[in-house]
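Working notes, structure below.
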Amino acid sequence: MSSEVDPIALARQNWERAGWGAVADGMVSVTSVMRAHQILLARVENALRPYDLSFSRFELLRLLAFTRTGALPITKASDRLQVHVTSVTHAIRRLEANGLVERIPHPTDGRTTLVRITPIGRSTVEEATITLNDEVFADTGLSPEESRALASAIETLRRDEGDF
């Protein structure tokens with residue numbers, strides 16, 4: 001889907017013509033980030049499809065694989081992934097159904113349930129990580145300098161919104 005004219009540039013022109021020129025840069029930046037998100041998510045989902053993983057399920061597996069014990073309380077996983085516990089629980093259900101994680105009781109706190117990566121979950125996330133590194137992260141379409149500048153700008157936005 002390639003065209004000679006950038007639809008976002010056309011939207012800017014329409015914004016300015018409508019008398020909203022003072023906020024056109026903001027509209028363009030928000031719309032551009034939203035479109036970039038769609039593009040990158042499609043690339044990530046395509047790379048993860050052979051593993052039957054969404055990006056959110058991949059992130060949970062990767063988080064668990066990075067931990068010392070391979071297990072975390074569900075609420076701590078939710079906090080670290082910055083998503084609602086309901087979303088994590090949904091991801092856990094899907095991963096459990098595929099044998100990639102299991103829920104286990106906390107060894108010292110009977111009120112807490114841990115989610116633990118299984119050996120097949122660990123091998124799956126290692127293979128999926130190699131695929132993502134090769135097919136997505138190694139070439140985002142931006143130079144290293146552009147990638148760092150983009151990440152820095154987004155970090156500023158996130159910090160200003162209280163994201164961390």
Min side-chain heavy-atom separation Arg158-Gln82 under 4.5 Å: yes
Salt-bridge test for Arg12 and Asp25: reply yes if a basic N is under 4.0 Å from a carboxylate O, no otherwise. yes
Does some side-chain heavy atom of Trp20 sit less than 4.5 Å from a side-chain heavy atom of Asn14? no
Is there a donor-acceptor contact under 3.5 Å from the side chain of Gln13 to the main chain of Leu10? no
side-chain contact (heavy atoms from CB on, under 4.5 Å) partner of Leu100, chosen from Leu60, Leu61, Ile92: Leu61
Is the closest side-chain heavy-atom distance between Leu114 and Glu102 below 4.5 Å? no
Could you tell me whether a side-chain N or O of Ser87 sits under 3.5 Å from a main-chain N or O of Val83, the two making a donor and an acceptor? no
Any chance the side chains of Asn46 and Arg43 put a donor and an acceptor closer than 3.5 Å? no
For the side chain of Ser78 and the backbone of Ile74, is there at least one donor-acceptor N/O pair under 3.5 Å apart? no
Shortest non-hydrogen separation from Leu48 to Phe58 and the atoms involved: CD1-CB, 3.8 Å
4.5 Å side-chain heavy-atom contact, Ser143 and Glu146: yes
Donor-acceptor contact present, side-chain Ser123 to main-chain Ile120, <3.5 Å: yes
Quick check against the 3.5 Å criterion: does Thr31 have a side-chain atom that pairs as donor or acceptor with the backbone of Ile8? no
For Leu142, the other hydrophobic cluster members (4.5 Å side-chain criterion, sorted by chain and number) are Leu150, Ile154
Here the pair of heavy atoms bringing Leu132 nearest to Ala47 is CD2-CB, 3.9 Å
Thr67 side chain to Leu64 backbone, donor-acceptor under 3.5 Å: yes
Candidate pair Phe55 and Glu45, rule side chain to side chain contact (heavy atoms under 4.5 Å, CB included), full reasoning: CA-CA 7 Å; Phe55 192 58; Glu45 287 176 347; 5.7 Å; no
Under 3.5 Å, is there a donor-acceptor pair between the side chain of Thr156 and the main chain of Ser152? yes
Student check: side-chain heavy atoms of Arg57 and Val101 closer than 4.5 Å: no
Assess whether a salt bridge exists between Glu126 and Arg62, defined as any Lys/Arg side-chain N lying under 4.0 Å from an Asp/Glu carboxylate O. yes
